[in-house]
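Input: a single structure, listed below in structure tokens.
The structure displayed is predicted, hence computed values, not measured ones. Here, residue 1 is the first one in the sequence, and each next residue gets the next number.
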Amino acid sequence: SDSVEYRNSAWVLPFAVYLNSGTAMAYVAQCGYIGMQISLGAQLIRYGVETGEEDAYQNGFNIVDMWAKTAVPEGSDSGVFQCYNNGSEYGNGAPTLRQLCDGMEGMLDALRFTESARPEEDINAWWEIAYGFANFLVRAQNADGSWYRAYDYDGNLLTEDNPWKIVVDANTLADAKYNTQIPVRFLCRMFEYTGETKFLDAAKRAGDYVAEHVIDALLYRAGTLDTLGVTDRESGIFALYAMTSLYAVTGEEKWLEYAEYATVYAMSWTY
């Protein structure tokens, strides 16, 4: 909490610190993946409530509130939002499934805990961005149950000539489908929270795609954002998250079996 700063127009935790001193190395706010600013804000909210440290609570609240109220670019209503904040403006990095879903899982954590612990708070913007993104996932899902890896702010597959001037580089791999496991846990949690079956239906369709095209095919690729789409551990871990989430909400044994396959892969890759 002591490291949270208001820099220009952004509430932000340091992206990295020096181990010998604890001082900030860089302040670049990223909503998911390595940065995880929204999830960190959610954890500060919870810590502040549980310990009675009001400064921690308020710092966490400010971080989450900033993203909820400013990350959707003007003129966009697709549900896709900006994932990088440089302290005074949002950057033009690609909105990938990994960052978007990480960010909105954190937003849902913050929303649920705050409405329970501090029901007097005005957090409608938090709900709007989380619900808007969940509905985007339902609309954008391909007929085979998959999603693409990156989208523009109109909710379309991200291309180099996108009208938003989003940077597309060798790591973007926008039309790849092998990150389809990443949204599943968020959708299952949105189903639990709202009771709206469209979120569970989308999660199950994605689960079937992941079972066939990721787990059975051993195509665990590009869970990280900066490795040119190589085989990696994080893709296996997110496949595990997807399958255990589906098992938790449906009780169907097939998801548990696929979770075991994904676990063996993730553990063996790490070893």
Verify the neighbour count for atom [atom1] of [X]: are there more than 12 heavy atoms of other residues, nucleotides or ligands below 6.0 Å?
| X | atom1 | answer |
| --- | --- | --- |
| M25 | CE | yes |
| R46 | CZ | no |
| E74 | CD | no |
| F113 | CZ | yes |

Side-chain heavy atoms of [X] within contact of [Y], under 4.5 Å:
| X | Y | result |
| --- | --- | --- |
| M243 | Y261 | no |
| F191 | L187 | no |
| N124 | D122 | yes |
| K177 | Y148 | yes |
| N179 | R149 | yes |
| M66 | N85 | yes |
| V12 | V4 | no |
| Q30 | L225 | yes |

For the pair [X] (side chain) and [Y] (backbone), establish whether a donor and an acceptor sit closer than 3.5 Å, ignoring hydrogens and angles.
| X | Y | answer |
| --- | --- | --- |
| W147 | P183 | no |
| D169 | N171 | yes |
| R205 | Q141 | no |
| S76 | V72 | no |
| T194 | M190 | yes |
| R185 | A242 | no |

Got a second to check how far [X]'s [atom1] is from [Y]'s [atom2], nearest 0.5 Å?
| X | Y | atom1 | atom2 | answer |
| --- | --- | --- | --- | --- |
| D152 | K165 | CG | NZ | 12.5 Å |
| C31 | I38 | SG | CD1 | 5.0 Å |
| N142 | L157 | CG | CG | 9.0 Å |
| Y209 | Q181 | OH | CD | 9.5 Å |
| M107 | L100 | CE | CG | 11.5 Å |
| L228 | L173 | CG | CG | 7.5 Å |

Assess the side chains of [X] and [Y]: does a donor N or O sit below 3.5 Å from an acceptor N or O?
| X | Y | value |
| --- | --- | --- |
| D232 | T224 | yes |
| N162 | T159 | no |
| N86 | Y27 | no |
| Y247 | E252 | no |
| Y265 | S235 | no |
| W126 | D65 | yes |

Y33/D226 under side chain to side chain donor-acceptor pair (under 3.5 Å): CA gap, chis, key distance, verdict: CA-CA 11 Å; Y33 185 43; D226 53 2; 3.2 Å; yes
Looking at every heavy atom in both [X] and [Y], which two are closest together, and how far apart are they?
| X | Y | answer |
| --- | --- | --- |
| I215 | A262 | CD1-CB, 4.3 Å |
| T180 | A206 | CG2-CB, 3.8 Å |
| I129 | W67 | CD1-O, 3.9 Å |
| W164 | D154 | NE1-OD2, 3.1 Å |
| Q37 | I63 | O-CG2, 3.5 Å |
| V80 | G155 | CG2-CA, 4.1 Å |

Check the angle between the aromatic planes of Y131 and F199 and answer parallel, tilted or perpendicular using the 30° and 60° thresholds. perpendicular
Assign the ring pair F136 / Y151 to parallel, tilted or perpendicular, where the plane angle (0 to 90°) is split at 30° and 60°. perpendicular
Quick one: ring-ring contact (aromatic ring centres under 6.0 Å, His included) partners of Y178, sequence neighbours excluded? none
Carefully, step by step, assess Y90 and C83 under the rule side chain to side chain contact (heavy atoms under 4.5 Å, CB included). CA-CA 8 Å; Y90 283 91; C83 297; over 6 Å; no
All pairs passing side chain to side chain donor-acceptor pair (under 3.5 Å) where residues 52-64 contributes a residue, at least two apart: S1-N59, Y47-E53, E54-R118, Y57-E121, Q58-N62
Pair listing, side chain to side chain donor-acceptor pair (under 3.5 Å) test, anchored in residues 93-104, at least two apart: Y84-Q99, T96-Q99, R98-D102, R98-E234
Do you reckon [X] sits in the same ILVMFWY cluster as [Y], going by side-chain contacts under 4.5 Å, direct or chained?
| X | Y | value |
| --- | --- | --- |
| Y241 | F186 | no |
| Y6 | L13 | yes |
| F15 | M36 | no |
| L44 | V64 | yes |
| M104 | Y193 | yes |

After noting the C-alpha distance and the side-chain angles of E105 and L108, does the key distance pass the side chain to side chain contact (heavy atoms under 4.5 Å, CB included) rule? CA-CA 5 Å; E105 286 206 56; L108 186 57; 5.8 Å; no
State plainly whether the residues R189 and D109 are in salt-bridge range, i.e. N to O under 4.0 Å. yes
Could you walk me through whether T250 and L200 pass the side chain to side chain contact (heavy atoms under 4.5 Å, CB included) check? CA-CA 9 Å; T250 68; L200 178 59; 4.2 Å; yes
For Y258, run the side chain to side chain contact (heavy atoms under 4.5 Å, CB included) check against D208, V214, T244, D216 and tell me which one passes. D216
